[in-house]
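All remarks here apply to the structure that follows.
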Amino acid sequence: MDHTTRALIDEVRKTWPGFASDAAGAEGDLAVRDCAARLAADPGGEHAYLWVYGLAELAEYLTGPAGAGPEAERCAVDALVAAHRVLSGRECAHGKHPYERDLEEMYDDEIWYGLPDPELLGNGLAEDEEWTKEAAKELYLCPVNVAGYARITADIISPGSVPITDPDEGTGIAEILRSGLQDSIRYLDATLNDYPVGDPVGDLLGAALVPDHLTKGVRAGYLVTLHACSWYAVSGRIQDRSVLDEMTAGLETVRKTVPDVPCTHRAEEHPRLDGSADQMAREGIYLRSPGGRAALQEEHADGYGPSLEAWTCPAFLRGLADETLATLAEGPGEPPG
């Protein structure tokens with residue numbers, strides 16, 4: 001490891017000890033802005049990977065309940081977008097990268113789990129007994145892979161922050177969904193169309209389970225999915241009152257986390273949600289992952305559906321949660337037929 005890299009990694013260890021998602025704002029914001037400034041100064045440089053992975057780790061703080069200040073968030077996203085723009089065009093002979101595998105395994109935007117150790121990554125050892133990642137260091141250091149992590153991290157912090165500039169490349173995020181999310185789409189689609197492949201009660205309780213970490217996308221996806229399921233819950237098909245109680249409790253918990261900020265959209269820009277319930281559930285689940293949001297963003301670019309900014313709008317989500325709570329308050333209806 002060269003002296004410069006060693007010194008930078010030592011600074012990373014001192015400056016970013018790992019901020020909890022509910023960390024106090026001032027110290028966390030300073031760490032974010034420091035990391036973002038270093039990346040912005042040289043987004044295509046040899047040490048860009050340190051700052052991209054640093055911001056990916058700090059994304060837990062940036063999207064946590066305490067939340068970073070708007071300036072820190074903006075600095076982080078701008079630096080990540082710049083890195084993606086510069087690095088994504090570099091030549092690469094690799095067939096697949098670690099960021100794509102992370103998309104396949106990532107649970108609810110939690111990119112900060114499983115990131116490479118910067119000290120091991122930068123120590124210059126091709127053969128390293130302490131390196132336990134399945135993918136080689138070369139792949140984690142590949143500029144195209146670093147660009148992928150930059151793009152995904154920016155999207156997790158601020159969905160829709162990286163516009164589609166090349167229709168052939170789309171968002172730059174592979175439309176990959178974790179297998180568990182694909183299963184949720186399939187089960188809810190069957191249940192909401194009255195052809196359940198499993199237990200409808202289990203499907204609704206699974207949808208009502210509050211995620212551990214509510215990023216902007218995950219929070220929106222949760223509320224949209226429960227809205228899609230609410231008619232079924234009170235249709236008389238479910239007579240177990242505890243199911244409605246669990247859905248209501250989850251909604252109330254997540255509703256409290258929606259920021260009370262003014263809306264910047266025109267009313268017609270918000271999602272209309274007048275399609276089928278199974279489509280709405282699919283859109284809700286898509287909102288919970290970078291790959292799913294990439295698909296929604298491309299649909300919007302093609303003239304179909306709202307923007308990600310509209311999907312995650314706090315004013316829209318507050319109204320949606322209130323509407324869903326009012327529906328659930330009706331209680332179980334009479335069994336059909």
Side-chain angles (χ1 to χ4, degrees), residues 15-36 53-80 102 106-115 152-161 178 181 206-227 246-264 284-290 292-293 308-322 324-325:
T15 311
W16 313 328
F19 290 93
S21 61
D22 58 352
E27 188 178 8
D29 279 15
L30 285 173
V32 170
R33 294 178 68 171
D34 172 64
C35 185
Y53 290 134
L55 287 172
E57 182 175 339
L58 288 165
E60 181 179 12
Y61 161 72
L62 276 159
T63 59
E71 181 64 19
E73 180 178 310
R74 184 191 63 77
C75 289
V77 170
D78 286 352
L80 290 163
D102 270 5
M106 191 187 307
Y107 192 80
D108 281 347
D109 277 351
E110 294 176 343
I111 194 172
W112 43 88
Y113 292 126
L115 290 168
I152 292 169
T153 304
D155 180 78
I156 288 171
I157 297 168
S158 181
S161 56
R178 184 174 176 268
L181 294 179
L209 187 64
V210 176
D212 291 335
H213 193 92
L214 292 166
T215 65
K216 293 177 182 178
V218 171
R219 177 170 53 214
Y222 178 87
L223 294 174
V224 170
T225 302
L226 281 200
H227 183 77
E246 288 293 323
M247 294 175 71
T248 298
L251 278 163
E252 290 175 341
T253 297
V254 175
R255 170 67 172 80
K256 293 175 183 176
T257 72
V258 181
D260 187 9
V261 295
C263 176
T264 59
I285 292 168
Y286 272 21
L287 284 165
R288 294 178 68 156
S289 76
R293 290 192 295 272
L308 290 178
E309 292 87 348
W311 275 115
T312 57
C313 171
F316 163 71
L317 294 176
R318 289 196 303 272
L320 185 70
D322 292 342
T324 309
L325 286 167

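Quick note: numbers below take in every heavy atom, side chains included, and nothing from hydrogens, waters or symmetry partners.
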Quiz item: With Tyr53, which residues qualify under ring-ring contact (aromatic ring centres under 6.0 Å, His included), at least two apart?
Solution: Tyr149
Exercise. Using the test ring-ring contact (aromatic ring centres under 6.0 Å, His included), find all partners of Phe316 that sit at least two apart in sequence or belong to another chain.
Key: His270
Quiz prompt | Stepwise side chain to side chain contact (heavy atoms under 4.5 Å, CB included) test for Asp260 and Arg318 | solution = CA-CA 8 Å; Asp260 187 9; Arg318 289 196 303 272; 3.7 Å; yes
Quiz item: Looking only at heavy atoms, what is the nearest atom pair of Leu62 and Ala76, with distance?
Solution: CD1-CB, 4.1 Å
Quiz item: Closest heavy-atom contact between Ala59 and Ile111?
Solution: CB-CG2, 4.4 Å
Quiz item: Between Arg33 and Asp29, does at least one N-O distance fall below 4.0 Å, as a salt bridge requires?
Solution: no
Quiz item: If you measure from the Lys or Arg side-chain nitrogens to the Asp or Glu carboxylate oxygens, is any gap between Arg255 and Asp322 under 4.0 Å?
Solution: yes
Practice problem: Show your reasoning for whether side chain to side chain contact (heavy atoms under 4.5 Å, CB included) applies to Ile156 and Thr63. | Solution: CA-CA 8 Å; Ile156 288 171; Thr63 59; 4.3 Å; yes
Self-check item: salt_bridge(Lys216, Glu73) N-O dist < 4.0 Å
Solution: yes
Quiz item: Between Ser161 (side chain) and Ala154 (backbone), is there a donor-acceptor pair under 3.5 Å?
Solution: yes
Exercise. Mind checking the CE-OG1 spacing from Met247 to Thr225? Nearest 0.5 Å is all I need.
Key: 10.0 Å
Quiz item: Considering the options Val218, Leu223, Leu308, which one meets the side chain to side chain contact (heavy atoms under 4.5 Å, CB included) requirement together with Leu287?
Solution: Leu308
Quiz prompt | Step-by-step side chain to side chain contact (heavy atoms under 4.5 Å, CB included) determination, Leu80 to Ile157 | solution = CA-CA 10 Å; Leu80 290 163; Ile157 297 168; 4.0 Å; yes
Quiz prompt | Glu252: side chain to side chain donor-acceptor pair (under 3.5 Å) partners, not counting sequence neighbours | solution = none
Quiz prompt | CA sep, side-chain torsions, deciding dist, call: Val32, Cys75, side chain to side chain contact (heavy atoms under 4.5 Å, CB included) | solution = CA-CA 8 Å; Val32 170; Cys75 289; 5.8 Å; no
Quiz item: At what distance, to the nearest 0.5 angstrom, does OG1 of Thr257 lie from OH of Tyr222?
Solution: 10.0 Å
Practice problem: Measure across Ala79 and Ala36 and return the closest heavy-atom pair with its distance rounded to 0.1 Å. | Solution: CB-O, 3.5 Å
Practice problem: List in chain and number order the residues that pass side chain to side chain donor-acceptor pair (under 3.5 Å) with Ser158, two or more places apart in sequence or in another chain; answer none if no residue qualifies. | Solution: none
Quiz item: Can you name the nearest heavy-atom pair linking Cys35 to Leu55, along with the distance?
Solution: SG-CG, 3.5 Å
Practice problem: Identify the residue among Tyr107, Tyr113, Trp112 that makes a ring-ring contact (aromatic ring centres under 6.0 Å, His included) with His213. | Solution: Trp112
Quiz prompt | Validation row: Asp108, Asp212 side chains within 4.5 angstrom (heavy atoms) | solution = no
Quiz item: Between Val261 and Pro314, which heavy-atom pair has the shortest distance, and what is it?
Solution: CG2-CG, 3.7 Å
Self-check item: Residues which pass side chain to side chain donor-acceptor pair (under 3.5 Å) with Glu110, listed by chain and number, not counting sequence neighbours
Solution: none
Quiz prompt | Partner set under side chain to side chain donor-acceptor pair (under 3.5 Å) for Thr215, not counting sequence neighbours | solution = Asp109
Quiz prompt | pair Met106-Pro290: side-chain heavy atoms closer than 4.5 Å | solution = yes
Self-check item: Residue that, paired with Thr248, satisfies side chain to side chain contact (heavy atoms under 4.5 Å, CB included) out of Thr324, Leu325, Thr253, Leu226
Solution: Leu325
